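The structure appears below as structure tokens.
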Amino acid sequence: FKGNDAVIFDLFNEPYASRATGSTTSGWQCWLNGGTCPGISYQVAGMQAMVNAVRSTGANNVIMVGGEEYANDLGTPGSTSDPSILNYLPADPDHDIAVSWHSYNFNTCSNQSCWTSEVQPVIAQVPVIAGEIGENDCASGYVTPLMTWLDSQQTSYLAWAWNADFNCSSEIG
């Protein structure tokens with residue numbers, strides 16, 4: 001798909017290094033640099049190495065990097081206790097990085113206050129794509145306000161359903 005501008009590479013779906021390491025700072029460091037990370041029993045591929053691998057092939061496609069905690073946590077700019085993805089973005093010689101953010105009604109960052117404090121500052125500096133949005137009740141009480149907010153930020157989003165015949169009471173739709 002290299003050179004096909006219609007293809008965007010999403011490097012790692014729903015990383016969660018902070019949960020494993022127990023610290024948001026060490027989680028973001030693991031997210032970026034990989035290697036041996038506290039609380040993780042295997043070698044982790046960091047976002048920087050993945051960006052380097054994609055670019056080493058000559059691919060100049062847009063690359064999406066998902067935030068922490070299953071791509072729902074982008075951190076809080078200026079916070080030392082909850083560092084922002086803006087402090088850990090991988091270097092890209094092509095300057096074609098977009099942040100992938102996932103938002104569901106059951107996630108931690110699932111209200112406009114969080115979207116404004118965590119997501120809006122990232123949107124101001126880097127393209128953001130809400131790569132997954134949804135709710136687990138087959139209604140629209142969550143996704144409609146979320147899409148309205150994302151529209152107001154001129155930010156792209158993709159609805160998510162694994163299949164079309166899911167059971168609304170037990171699966172994401």
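Only a predicted model underlies this, so the values are computations on that prediction, with no experimental measurement involved. Every heavy atom of this structure was used, including side-chain atoms; hydrogens, water molecules and symmetry mates were not.
The two atoms that bring Ala130 and Leu150 nearest to each other are CB-CD1, 3.9 Å, heavy atoms only. Shown here for Thr57 and Val54, the closest heavy-atom pair between the two residues is OG1-O, 2.6 Å. The two atoms that bring Val65 and Ile85 nearest to each other are O-CD1, 4.2 Å, heavy atoms only. Closest approach of Ala98 and Ile129 over heavy atoms only: CB-CD1, 4.2 Å. The heavy-atom pair separating Pro83 from Thr25 by the smallest distance is CG-OG1, 3.5 Å. The shortest heavy-atom contact between Gly67 and Pro15 is O-CG, 3.2 Å.
Applying the disulfide (SG to SG under 2.5 Å) definition to pairs two or more places apart or across chains, none involves residues 44-89. Listed by first and then second residue, the salt bridge (Lys or Arg N to Asp or Glu O under 4.0 Å) pairs involving residues 35-57 are Arg55-Asp92, Arg55-Asp94 (not counting sequence neighbours). For residues 55-105, no residue pair satisfies the disulfide (SG to SG under 2.5 Å) rule, not counting sequence neighbours. Each salt bridge (Lys or Arg N to Asp or Glu O under 4.0 Å) pair with one or both residues in residues 99-127, not counting sequence neighbours, would appear here, but there are none. Applying the salt bridge (Lys or Arg N to Asp or Glu O under 4.0 Å) test to every pair with at least one member in residues 63-87, sequence neighbours left out, gives these pairs: Arg19-Glu69. Identified under the side chain to side chain donor-acceptor pair (under 3.5 Å) test for residues 29-49, with sequence neighbours left out: Thr36-Gln43, Gln48-Asn52. Annotation: disulfide (SG to SG under 2.5 Å) contacts involving residues 37-94, sequence neighbours excluded, comprise Cys30-Cys37. Note on residues 86-132: pairs passing disulfide (SG to SG under 2.5 Å), not counting sequence neighbours, are Cys109-Cys114.
A search for ring-ring contact (aromatic ring centres under 6.0 Å, His included) contacts involving Phe9 returns nothing, not counting sequence neighbours. Shown here are the ring-ring contact (aromatic ring centres under 6.0 Å, His included) partners of Tyr16, two or more places apart in sequence or in another chain: Tyr70. Under the rule for a side-chain hydrogen bond (donor to acceptor under 3.5 Å, both in side chains), the partners of Ser103 that lie at least two apart in sequence or sit in another chain are Tyr142. Asn105 is linked by a side-chain hydrogen bond (donor to acceptor under 3.5 Å, both in side chains) to Asn136, counting only residues two or more places apart in sequence or in another chain.
When hydrophobic clusters are built by joining Ile, Leu, Val, Met, Phe, Trp and Tyr residues whose side-chain heavy atoms come closer than 4.5 Å, directly or via intermediates, Val122 is grouped together with Phe12. Connection of Met64 to Val128 is not established within any shared hydrophobic cluster, with ILVMFWY side chains joined at heavy-atom distances below 4.5 Å, either directly or through further cluster members. No continuous path of ILVMFWY side-chain contacts below 4.5 Å connects Met47 to Ile40, so the two sit in separate hydrophobic clusters. Under the 4.5 Å side-chain heavy-atom criterion for grouping Ile, Leu, Val, Met, Phe, Trp and Tyr, Val126 is not connected to Val62 through any hydrophobic cluster. Cluster membership check: Leu146 shares its hydrophobic cluster with Ile123, using side-chain heavy-atom separations under 4.5 Å among Ile, Leu, Val, Met, Phe, Trp and Tyr.
Counting only N and O atoms by type, the side chains of Asn72 and Tyr104 include no donor and acceptor under 3.5 Å apart.
Distance check, rounded to the nearest 0.5 Å: CG of Asn13 to OG of Ser100 gives 7.5 Å. Separation of atoms CH2 (Trp115) and CG (Leu74) is listed at 13.0 Å; rounding is to 0.5 Å. With values rounded to the nearest 0.5 angstrom, Asn60 atom CG is found 13.0 Å from His95 atom NE2. Between Leu89 atom CG and Trp28 atom CH2 the span is 8.0 Å, to the nearest 0.5 Å. Taking CH2 of Trp149 as the start and CD of Gln120 as the end, the distance is 5.5 Å to the nearest 0.5 Å. Taking NE2 of His102 as the start and CD of Glu14 as the end, the distance is 5.5 Å to the nearest 0.5 Å.
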For this session: Begin with the C-alpha distance, continue with both residues' side-chain angles, and end with the deciding distance and a verdict on side-chain contact (heavy atoms from CB on, under 4.5 Å) for Ile8 and Ile63.
Result: CA-CA 6 Å; Ile8 297 174; Ile63 294 174; over 6 Å; no
For this session: Check the pair Ile133, Met147 against side-chain contact (heavy atoms from CB on, under 4.5 Å), reporting the backbone distance first and the verdict last.
Result: CA-CA 9 Å; Ile133 66 170; Met147 289 185 297; 3.6 Å; yes
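Between the side chain of Thr144 and the backbone N or O of Gly141 there is no donor-acceptor pair closer than 3.5 Å. Checking side-chain atoms of Ser23 against main-chain N and O of Ser26 turns up a donor-acceptor pair under 3.5 Å.
Considering only heavy atoms from C-beta on, Leu32 comes within 4.5 Å of Pro90 through its side chain.
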